[in-house]
Amino acid sequence: MNPTNPTNPTPMEICVVGVGYVGLVTAACFAHTGNTVIGVDDDQEKIALLQQGTVPIYEPFLDQMVAREVREGRLRFTRHLGEGVRSCRAAFICVGTPPLENGEADLSAVEDVVRRIADVSDGPRLIVEKSTVPVQTGLWIEKMLQLYGRGETGGFAVASNPEFLREGSAVEDFLHPDRIVIGVERPEAAELLRVLYDPLIRRTFRCPVHEACPQREVPLLMTDIASAELIKHASNSFLATKISYINLIADLCERVGADVLKVAEGMGLDRRIGRAFLDAGIGFGGFCLPKDLQAFVRIGEKHGCDLSLLREVERINGERIDIALKKLQSRLGSLRGKTIAVLGLAFKPNTDDIRFAPSLELIDRLLKEQATVKAYDPKAMPKAQRILRAVDFCNDPYAAVEGTDAAVIVTEWEEFRRLDLLRVKRQMRHPLIIDGRNMFDRRVLESMGIEYIGMGR
Ligand SMILES: NC(=O)c1ccc[n+]([C@@H]2O[C@H](COP(=O)([O-])OP(=O)(O)OC[C@H]3O[C@@H](n4cnc5c(N)ncnc54)[C@H](O)[C@@H]3O)[C@@H](O)[C@H]2O)c1
């Protein structure tokens, strides 16, 4: 029995390769449920920070969790894969799978890790794909293990365990998942993962997020590897489709004088549809939906299946920035020489992640129109400052809107909901708000003398 976590009677040693948004949360949460976890990453700076006790990303609850697990000896970090893999029973691959130019997922980091695991392992291991990968990657991994593994390591098993956490609530999502999907071909692999996830299923861990945890059941779905791989891409593509669908409806609402918020509410009350992901706005971004959608189309092509429905989803999403710009131009005319505030840089609230964020495309387009851009984000500015040069980053939203001709809300941070709008109005040269996330009530803003333009309302 593990003395520090008596609720997990069968702790195990695991290795997590790639400690980014998914890997670090996975490592911290498995340590929190009583296992001994070693996190491996080839980013020296990231590992050095983690070894000094600094969490390099912003994710609610994560830094306290990492600090506690490190202190209690269940979690440590290294750059050396051999050190991580040597004593583990299972290695979780959580490296990035970014898009190649043609939209396919770049599997070079996955391949590198698999080859190195095969090379350093001196006994059988379970290799778990947690990165989002195209269907049949598990088969390919098995072949690589056979090819590169040492003679006596024929006992490698492969599993697919796609991750569904959302940045911004990653710890909560990991510990309280809607479902756990495990794709395996061998019973011993299924059993190992079932035991590892047992504390989440029976909710026997001390929850760092809630005083009273949600009383939902956590279904464990066991499938073959290919089905598990498909579940991830199919789910993300479906969510993206829901967003683009409501954005199309938003366009129609604008033409006919309807309100997309009401339409979404009415649709969402139908349990077959549901209200989630029916939020019209400036479009989706991040490291999942855009790239997974593209990769899924390519997977379809590769297997002779026409998934071009998803190309439309992508196209509709791509138009959102144009629509926001047109709204600005309809009120301000040419944007040349105008000053625009961009409120929110992260692709969604409660994260510092700006990968494929709509803010980046919007800022690029504003600069091309020769506007001056001022920006503020509660968490994402350090990351944005590394890649955006011609932007005036401000310390708070009031400084960002000062002297501007319009403000565009790109991320629905709670902080923006609590803005003193009269102060915002006083700061602006021209009080115009383009509400890219439909956060505000038009009547409230208009009663204050602020011109308001939402999306689909
Ligand atoms: N971010 C999300 O919300 C999310 C959710 C579900 C699934 N996913 C999937 O999980 C995977 C990881 O996503 P992420 O957002 O955590 O990415 P990330 O970029 O934050 O993390 C990836 C980490 O892997 C490391 N890495 C890359 N190549 C390596 C190698 N060869 N050896 C060791 N380490 C290496 C990087 O240094 C980085 O720290 C992707 O496939 C993504 O699609 C992401």
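Just follow the structure's listing: the first ligand is 1, and inside any ligand the first atom is 1.
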Show the atoms of ligand 1 that are less than 4.0 angstrom away from any heavy atom in [X].
| X | answer |
| --- | --- |
| R116 | 31 (N), 32 (N) |
| V113 | 30 (C), 31 (N), 32 (N) |
| K46 | 38 (C), 39 (O) |
| E167 | 1 (N), 2 (C), 3 (O) |
| C94 | 12 (C), 22 (C) |
| K291 | 42 (C), 43 (O) |
| Y21 | 1 (N), 15 (O), 16 (O), 20 (O) |
| S131 | 10 (O), 11 (C), 41 (O) |

Return the option from V25, V95, T97 holding the heavy atom at the smallest distance from atom 11 (C) of ligand 1. V95
Has ligand 1 got any nitrogen or oxygen that is less than 3.5 angstrom from a nitrogen or oxygen of [X]?
| X | result |
| --- | --- |
| R355 | yes |
| V22 | yes |
| E163 | no |
| D43 | no |
| K130 | no |
| K232 | no |

[X] contact mode with ligand 1 (heavy-atom cut-off under 4.0 Å):
| X | result |
| --- | --- |
| R166 | neither |
| L81 | neither |
| P162 | neither |
| E59 | neither |
| C288 | side chain |
| D112 | side chain |
| E111 | neither |

Atom CZ of R166: over 12 foreign heavy atoms under 6.0 Å: no
Please find out if less than 6.0 Å separates the ring center of F61 from that of H210. no
Is [X] salt-bridged to [Y], going by a charged N under 4.0 Å from an acidic O?
| X | Y | answer |
| --- | --- | --- |
| D122 | R86 | no |
| E129 | K232 | no |
| R89 | E188 | no |
| D279 | K242 | no |
| K368 | D364 | yes |

Set of ring pair (Phe, Tyr, Trp, His ring centres under 6.0 Å) partners for F296, sequence neighbours left out: H233
Pairing residues for F164 by the ring pair (Phe, Tyr, Trp, His ring centres under 6.0 Å) criterion, not counting sequence neighbours: none
Which class fits the ring pair H176 and F205: parallel under 30°, tilted 30 to 60°, perpendicular over 60°? tilted
Taking the side chain as C-beta and beyond, is there a heavy-atom pair between L239 and I243 under 4.5 Å? no
Indicate yes or no for a side-chain donor-acceptor contact from R365 to the backbone of L325 under 3.5 Å, with no hydrogens or angles considered. no
